[in-house]
Every structure is written in structure tokens, then in C-alpha cells.
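As the structure is a prediction and not an experimental result, all values here were calculated from the model.
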Amino acid sequence: WNLGPFNLSDVNMKFPSYAFAGRVTGPMRFSGAGCSKKTMPELRGNLVLEEAKYSGPIEWKASTVAFKASATEVFVASEDAPTFKLNVELTGNGDVWVRNDLGNIEFRIDPRDPLTVVGDNTAWGITGSLRLVRGKIVFQSREFTLTNADNTFDDEKQDDITYDDSAQR
């Protein structure tokens, strides 16, 4: 296989099951020698995330009060049959917005730790960090201004996020 390099230009992407939408630009390549784990083709890219928006609910109230971690599971057709690897880096010129029942929060992708989608077509994860630009959240009918929000994706097997956020009234 050797498809590319090819350039994406202002391509809209939507993941309805994740309530996520965005727009990307940048080079991609699909290449590889065969279908075994060692020679599996790879989809590789360096995309600029021009804008992104997450609009789904965030179920953090219960896990924060109970001090327990939450995890998102991604279900796939067959974990036994990966057909290609993923290694797609996302940097950002624009903002990443969270607008939902929790609040209105603006992030930027950390240029020192860009978001990267890794794994394969059956089991993938995200690494990288989002840094706070500004934001407001509502908790128990009270509005708070975010003063710090370090949000890190650090698991190559899932899209779970670790957050260290603080806010004040």
C-alpha cells in the first residue's frame, strides 16, 4: 500500500456518537507492506484542527462527588482483525469548545503535547493535552469561572481524559 501523501483541506468531521464535530486541514498518508501485525498498513497524518466542538453531556458530578474515575469504552466489530494502524497528530490553530449542560469552556491544544490518535482500527486511544483559554461552568445552580483546567488524554487504548480543573465563584 502507498496512498498519499494527500492533503485534506477544510474537511468537516463528525462523530455523532461522541457529540463531537470539527474541521481539519493537513497531509495524510496510508502506507504499509502487508496485513500481519508487523507489516500492517498505517494511516498517518499531521492535521491542524481548525475548530472543534463537543456538545454532549458530561457526567462528572457523580464521579467527582464519589471520587471515582470514569472511563469510556469504545466497542468495535472485532478486536481480532485489525487491518491498519493509526498515528494521526492533531495540532490546533483554532479553539476546542465544550458547550453543554456543564458550561461553556474554550480550550487550546497544547503545542508541546499535541493530541494524537494512536492504535489501530479496532482499538484506538488518544494522547495529548488541552489547556484552558477561558470558561464558565454551572454546578448546583451556581456559576463558576474556571481558573485552571489541565486536561490530558494519556491512554493509547481508549479516549478517556484526566482532568485537573479548578474554579471560583
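- Considering only heavy atoms from C-beta on, Val118 stays 4.5 Å or farther from Trp124 through its side chain.
- In this structure, the separation between CG on Leu146 and CD on Gln168 is 10.0 Å, given to the nearest 0.5 Å.
- Trp97 has its side chain out of reach of Ile105: every pair of non-hydrogen atoms, C-beta onward, lies at least 4.5 Å apart.
- No side-chain heavy atom of Thr152 sits under 4.5 Å from any side-chain heavy atom of Tyr163.
- A donor-acceptor pair under 3.5 Å is formed between the side chain of Asn148 and the backbone N or O of Asp164.
- Asn104 contributes no side-chain N or O that, together with a main-chain N or O of Lys136, makes up a donor-acceptor pair within less than 3.5 Å.
- With contacts defined as side-chain heavy-atom distances shorter than 4.5 Å, the pair Leu8/Leu47 qualifies.
- With a 4.5 Å cut-off on side-chain heavy atoms, Phe84 and Phe30 count as touching.
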I would like to know whether Asp165 and Asp150 meet side-chain contact (heavy atoms from CB on, under 4.5 Å); could you show each step before the answer? CA-CA 6 Å; Asp165 301 345; Asp150 291 329; 5.5 Å; no
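- When all heavy atoms are compared, the tightest approach of Glu89 to Thr91 is OE2-CG2, 3.7 Å.
- Linking Ile, Leu, Val, Met, Phe, Trp and Tyr whenever their side-chain heavy atoms come within less than 4.5 Å puts Phe139 and Leu132 in one cluster.
- Atom-to-atom distance recorded for Thr127:OG1 and Asp113:CG is 6.5 Å, nearest 0.5 angstrom.
- Checked by atom type and distance alone, the side chain of Thr147 pairs as donor or acceptor with a backbone atom of Ser166 at under 3.5 Å.
- Summarising the geometry of Pro41 relative to Thr83, their closest heavy-atom pair is CD-O, 3.5 Å, with the distance given to 0.1 Å.
- Side-chain contact check for Phe107 versus Asp95: every heavy-atom pair is 4.5 Å or farther apart.
- The closest side-chain heavy-atom distance from Leu43 to Met28 is below 4.5 Å.
- Here Glu106 contributes atom CD and Lys53 contributes atom NZ; the two are 13.5 Å apart, rounded to the nearest 0.5 Å.
- Using a 4.5 Å cut-off on side-chain heavy atoms (C-beta onward), Val138 and Leu102 make no contact.
- When every heavy atom of Pro111 is checked against every heavy atom of Pro114, the shortest pair comes out as O-CD, 3.8 Å.
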Worked check of side-chain contact (heavy atoms from CB on, under 4.5 Å) between Arg23 and Val11: CA-CA 5 Å; Arg23 188 169 43 86; Val11 174; over 6 Å; no
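- Nearest heavy-atom pair across Leu115 and Ile109 is N-CG2, 3.8 Å.
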Please walk me through it: do Arg169 and Glu143 pass side-chain contact (heavy atoms from CB on, under 4.5 Å)? CA-CA 7 Å; Arg169 271 190 64 130; Glu143 186 175 282; over 6 Å; no
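- The residues Arg112 and Asp110 are annotated as salt-bridged, a charged nitrogen and a carboxylate oxygen being separated by less than 4.0 angstrom.
- Scanning all heavy atoms of the two residues, the minimum distance from Asp120 to Leu86 falls at O-CD1, 3.6 Å.
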Take Leu49 and Met13, measure what side-chain contact (heavy atoms from CB on, under 4.5 Å) needs, and give me the verdict at the end. CA-CA 10 Å; Leu49 189 60; Met13 57 181 193; 3.7 Å; yes
